[in-house]
Amino acid sequence: LDLGADEQVLRHALTSLPVKGFDIKISRVKKSGLDVCDFDVLLDEDHENHDHDMSYLHGDDHVEHVHNHGEHAHGEHMHSHTHRDMKEIREILTQADLTPRAYETAIRIFTVLGEAEAKAHGTTLEQVHFHEVGAVDSIVDIVSVAVCLDNLNIDDVIVPVLYEGGGTIHCQHGILPVPVPAVSNIVAAHGIRLALTGENGEYVTPTGAAIVAAVRTSDKLPESFVMERIGLGGGKREYKRPGILRAILIREEEKEQEKEKIWKLESNIDDCTGENLGYVLDRLMEAGARDVHYSAVYMKKNRPAWQLNVICTEESIPMLEQIIFEETTTIGIRKNRVERSVLKRTFDTVQISEGEAKVKLCQVPGRDGVKSIQRCYPEYESVVQLCRASGKSYQEIYQEIVTVWHEENS
C-alpha cells in the first residue's frame, strides 16, 4: 500500500471474501521516529486471537496464560479459532472477486504454508488443518499481499535475506522454539537465507515466510538500479528491534538492448508420463524458472524421449535441479551458461470497451538512421479475463487491445 497499491481495489477484494468477523484499518504510525503505513486487521470478539499479545506470546508465566485463554475460549463467549483445511481455503478464494494472477499468488502462498505445516505435524497437504493460518486475519493478510502485488503489476520480487530472532513463542500448539517448525521448513525447502539476530522474539512468522517463498524470484539485487518508490510498513509486536518492513520499487538501468547472463538446464527423459512432465513444468515455473519447454528427441537404442529445457538465473539452479531430480526419473542434468539479448521492456494499461487490459511494451532499437520501434503485447491474464467477462474470442480482445493502443500512441 505504501508503494502505491490502490486501497479501493484491495477493499473491494476483501469485501468479496466469504469470510465474516473482520474489518481493516489503514493509517499512519510512528516507528523509531519514522512515518510508516499501518495495515490493521480488526477482528470481532468471536475471532480475536493473541497474535499481538506480548505477554501471551513471550511471558514467563505460560501456564497461567494458557489456563486463562482456555477459560475464555470455553466460557461465556464459547469462541475458538476456525480450523480450515486446504479444500476450504481454495473454496474461499474461488468465491472471492480476485484477478487470475492474484488468485494464483494466494493459492501458491497457502500451498507453501500448508506443505510446511504438513511436514511439521506429520500429515499431508490435503489433510493438514490450518490453525493460526486458517484464522480470519491470516486469510486477509495473504489475500491482501496477492491483490496488492497484482495491482502494482509486480513481476520480480527480490528478497536477499530474512532476519529472525530466537527463544520461544507460545501458540495454539504450545510453546515452540524460534524459528518455529513451519518457518524452518519453508526456508529449508525454498533455499531462503536466514540471518539470526541473536535477540529473543519471532521476527519471521510462518505466513511471512510463506509469502516470501511464494513470490520471491531472486535473492540478488541488480548491480545498479534506480529507486522509484519506498514503502514502509509497521508491525504490531513490540520487540527490541523496531518492527518495520521496507519494500523498494526499483527499476534496473538498461541499455536499449541489454546483454544478460542466463543458464540453460537440459535433461533427456524417456520413462515419464505426460501427466508427470506437465506437473514438473508447473513446479519449475512456480519455483522461479524463466521458461520451461520439452523437445521430442531419440535417445540410445532408438528410444523416443523428451528433452527437458529450463531457462533460469544462476541463483535458481539449486532449487530447480532439486525439483527435476525429485519429480523425474533423470539421473543427470547438463548446465550451460549462455548470453542473451533482451529488449527494453515497460508495462502500461489500455482501456477498451470491455474493460482495462495490461500490456507489455518492447522497444526494438533502430539502425541506419531508422527510429526504434515500440511493440505492444497484451498480457495473457488480462485478455482471458476480458474474454470471460464479454464472451468474445481471444483473438477479438487481443486485436482490440493492440488497435486501441496504436490509436492512442500514433
Side-chain angles (χ1 to χ4, degrees), residues 86-87 89-90 93-94 98-119 124-126 128 130 133 141-143 145-150 152-160 162 182-183 185-193 206-220 262-267 269 272-294 306 308-328 330 333 358 379-382 384-385:
M86 195 65 194
K87 180 181 178 182
I89 295 293
R90 289 195 191 98
L93 298 180
T94 300
L98 304 176
T99 67
R101 183 161 67 167
Y103 171 82
E104 291 298 332
T105 300
I107 286 290
R108 195 160 61 246
I109 296 171
F110 270 112
T111 300
V112 170
L113 197 50
E115 290 173 343
E117 293 284 4
K119 183 176 181 180
T124 65
L125 174 62
E126 294 303 325
V128 69
F130 296 85
V133 177
D141 285 341
I142 289 172
V143 170
V145 168
V147 169
C148 287
L149 284 174
D150 176 63
L152 288 168
N153 200 28
I154 300 297
D155 290 315
D156 294 309
V157 178
I158 303 168
V159 184
L162 295 181
V183 169
N185 291 340
I186 291 170
V187 298
H190 297 273
I192 300 172
R193 293 175 57 214
T207 303
I211 290 169
V212 170
V215 306
R216 186 186 68 149
T217 56
S218 173
D219 62 358
K220 293 182 181 179
I262 204 77
W263 285 79
K264 183 179 181 181
L265 311 181
E266 292 180 354
S267 185
I269 305 168
C272 274
T273 66
E275 292 90 345
N276 188 174
L277 294 175
Y279 176 68
V280 173
L281 188 150
D282 289 339
R283 279 208 64 191
L284 291 170
M285 291 299 295
E286 289 171 0
R290 295 293 180 86
D291 196 10
V292 182
H293 67 273
Y294 295 101
W306 296 100
L308 169 64
N309 297 274
V310 181
I311 306 299
C312 64
T313 57
E314 184 175 6
E315 59 267 20
S316 300
I317 291 176
M319 175 57 63
L320 299 179
E321 285 187 331
Q322 180 70 24
I323 292 172
I324 294 170
F325 282 128
E326 283 180 356
E327 299 290 354
T328 74
T330 190
I333 301 171
K358 294 177 182 178
E379 292 284 270
Y380 171 77
E381 289 83 2
S382 287
V384 170
Q385 189 175 6

Note to self: I'd like to know if Asp156 and Arg290 make a salt bridge, using a cut-off of under 4.0 Å between side-chain N and carboxylate O.
What the structure shows: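 No salt bridge links Asp156 with Arg290.
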Between [X] and [Y], what is the shortest heavy-atom contact and its length?
X: Ala106; Y: Leu93; result: CB-CD1, 3.9 Å
X: Thr328; Y: Cys272; result: CA-SG, 3.9 Å
X: Ser382; Y: Lys358; result: OG-N, 3.0 Å
X: Arg193; Y: Pro160; result: NH1-O, 3.5 Å
X: His190; Y: Arg216; result: O-NH2, 2.9 Å
X: Ile186; Y: Pro206; result: CD1-O, 3.7 Å

I'd like a table of donor-acceptor pairs (distance under 3.5 Å, sequence neighbours excluded) in which one partner is a side-chain atom from residues 311-327, with atom names and distances.
from: Thr313; atom 1: OG1; to: Ser316; atom 2: OG; distance (Å): 3.0
from: Glu315; atom 1: OE2; to: Ser218; atom 2: OG; distance (Å): 2.8
from: Gln322; atom 1: NE2; to: Glu326; atom 2: OE2; distance (Å): 2.8
from: Glu327; atom 1: OE2; to: Arg283; atom 2: NH1; distance (Å): 2.7

For a 4.5 angstrom cut-off between non-hydrogen side-chain atoms, does [X] reach [Y]?
X: Asp150; Y: Glu104; result: no
X: Val159; Y: Ile192; result: no
X: Asn185; Y: Glu115; result: no
X: Arg101; Y: Ile154; result: no
X: Val145; Y: Asp141; result: no

Notebook entry, point to check: Between the side chain of Thr217 and the main-chain N/O of Val157, is any donor-acceptor distance below 3.5 Å?
Noted result: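 Checked: pair present.
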Just verifying a value: how many Å separate [X] [atom1] and [Y] [atom2], rounded to the nearest 0.5 Å?
X: Asn309; Y: Leu284; atom1: CG; atom2: CG; value: 11.5 Å
X: Leu277; Y: Leu308; atom1: CG; atom2: CG; value: 7.5 Å
X: Ile142; Y: Thr207; atom1: CD1; atom2: OG1; value: 5.0 Å
X: Trp306; Y: His293; atom1: CH2; atom2: NE2; value: 11.5 Å

Next item on the list: Might you confirm whether atom NZ of Lys119 has over 12 heavy atoms from other residues, nucleotides or ligands at distances under 6.0 Å?
Entry: no
Next item on the list: Please identify each residue that fulfils salt bridge (charged side-chain N to carboxylate O under 4.0 Å, His left out) with Asp291, with sequence neighbours left out.
Entry: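 Here no residue qualifies.
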Item checked: For Leu281, side chain to side chain contact (heavy atoms under 4.5 Å, CB included) partners two or more places apart ->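 If we apply the side chain to side chain contact (heavy atoms under 4.5 Å, CB included) test to Leu281, skipping adjacent residues, the hits are Met285, Val292, Tyr294.
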Next item on the list: For the pair Thr99 and Glu381, evaluate side-chain contact (heavy atoms from CB on, under 4.5 Å) and give the outcome as yes or no after the intermediate values.
Entry: CA-CA 8 Å; Thr99 67; Glu381 289 83 2; over 6 Å; no
